[in-house]
Amino acid sequence: MTRPRPVIAIDGPAGVGKSTTSRELARRLGYTLVDTGALYRGVALAARDRGISWDEEAAVVALCPQIELGFVSQDDGTPRLLLDGRDRGDDIRTPEMSSGASKVSAYPGVRRALLGIQRQLGREGGVVLEGRDIGTVVFPDALLKVYLTASVEVRAKRRAKEMTDLDYDEVAADIARRDAADAGRDDSPLATAGDAVTVDTSEMGIDEAVDALVAMVEKRSATADATETSDGH
Ligand code: DC
């Protein structure tokens with residue numbers, strides 16, 4: 001029997017370089033990338049499309065089974081969100097949807113609905129999932145769990161550079177607000193899994209971080225293969 005292909009969990013706060021690092025890691029490994037934050041953004045967008053306020057928890061939760069969420073891969077491997085079969089990849093990337101996603105992701109009913117979708121997307125392995133609770137809740141048995149971190153200052157500087165129309169102070173305040181909301185919610189808060197490897201990217205380029213992660217995946221895969229061989233499987 002062949003061992004299922006690995007699942008790699010990448011968690012961490014907003015603006016830490018998770019998307020770029022995860023995309024590059026998936027590309028180097030030949031894995032599929034799943035951007036789980038996009039699913040929460042999709043719920044926020046679907047609510048707005050239907051005129052449902054993000055504050056109406058029951059209505060937002062009731063909406064989840066009525067919508068269809070999925071991904072289509074761009075040529076460079078970037079996943080774009082499909083909501084009810086339509087590419088809404090651009091519509092979810094707005095500051096408004098960042099704040100909507102932050103709100104709806106605090107609802108346990110929303111998290112429960114998206115848990116099944118995330119596990120389904122990763123069930124065949126050969127996948128990198130990036131989010132906030134992948135290593136702690138979604139795939140606690142992932143071959144490698146990584147917690148990416150960087151100081152608020154570094155993250156705000158990176159984001160302000162990316163989005164030239166945004167001001168540093170505003171970005172820093174927004175990141176600090178989202179960190180507090182992600183880490184402070186009762187259900188599946190942003191947290192480091194006990195067995196996660198913490199990688200601080202404050203002083204590290206993306207390439208350096210990805211090199212380190214590829215080496216970790218290779219080492220763990222080799223160890224898992226050796227264990228299996230010695231078990232006689
Ligand atoms: O990574 P992102 O900024 O696209 O995430 C959008 C929001 O969704 C963010 O506020 C955190 C939340 N989220 C979550 O609660 N759990 C995840 N696995 C991924 C994202």
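Start at 1 and go down the list; that is how both ligands and their atoms are numbered.
- In this structure, Met97 is a member of the same hydrophobic cluster as Ile117, with clusters built from ILVMFWY side-chain heavy atoms closer than 4.5 Å.
- Looking only at atom types and distance, the side chain of Thr36 has no donor-acceptor partner in the side chain of Arg41 under 3.5 Å away.
- Looking only at protein heavy atoms, the nearest one to atom 20 (C) of ligand 1 is Gly37 CA, 3.5 Å.
- The pair Arg23-Glu130 does not meet the salt-bridge criterion, since no charged nitrogen lies less than 4.0 angstrom from a carboxylate oxygen.
- Within the 4.0 Å heavy-atom criterion, the part of Asp182 lying near ligand 1 is the side chain and not the backbone.
- Each of the following atoms of ligand 1 lies closer than 4.0 Å to a heavy atom of Ala101: 6 (C), 7 (C).
- Environment of CZ in Arg112: sparse, with no more than 12 heavy atoms of neighbouring residues, nucleotides or ligands closer than 6.0 Å.
- The closest donor-acceptor contact from the side chain of Ser151 to the backbone of Val154 lies under 3.5 Å.
- In terms of protein heavy-atom proximity, atom 8 (O) of ligand 1 is nearest to Tyr40 CB, 3.6 Å.
- Residue Ser102 approaches ligand 1 through these ligand atoms, each under 4.0 Å from one of its heavy atoms: 10 (O).
- Shortest contact from atom 19 (C) of ligand 1 to any protein heavy atom: Thr36 OG1, 3.4 Å.
- Interface atoms of ligand 1 facing Ser105, defined by a heavy-atom separation under 4.0 Å, are 12 (C), 15 (O).
- The Asp133 neighbourhood of ligand 1 comprises atoms 16 (N), 17 (C), 18 (N), with distances under 4.0 Å to a heavy atom of that residue.
- In the vicinity of Gly131, heavy-atom distances shorter than 4.0 Å reach the ligand 1 atoms 18 (N), 19 (C).
- Numbered from 1 in the order shown, with element, the atoms of ligand 1 that lie under 4.0 Å from a heavy atom of Arg41 read 2 (P), 3 (O), 4 (O), 6 (C).
- Inclusion of Arg132 in the set of residues having an N or O under 3.5 Å from an N or O of ligand 1 is warranted.
- With respect to the salt-bridge test (charged N to carboxylate O, under 4.0 angstrom), the residues Arg111 and Asp186 do not qualify.
- Atoms of ligand 1 lying under 4.0 Å from any heavy atom of Arg185, numbered from 1 in the order shown and given with element: 14 (C), 15 (O).
- With respect to Tyr147, the side-chain contact (heavy atoms from CB on, under 4.5 Å) criterion is satisfied by exactly one of Asp200, Thr136, Leu190, Val199: Leu190.
- Using a 4.5 Å heavy-atom threshold, the side chains of Ser221 and Leu143 count as touching.
- Using a distance-only test at 3.5 Å, with no hydrogens or angles considered, a donor-acceptor pair links the side chain of Arg185 to the main chain of Ser188.
- Between Arg178 and ligand 1, at least one pair of N/O atoms sits closer than 3.5 Å.
- Contact annotation: Arg111 has at least one heavy atom less than 4.0 Å from an atom of ligand 1.
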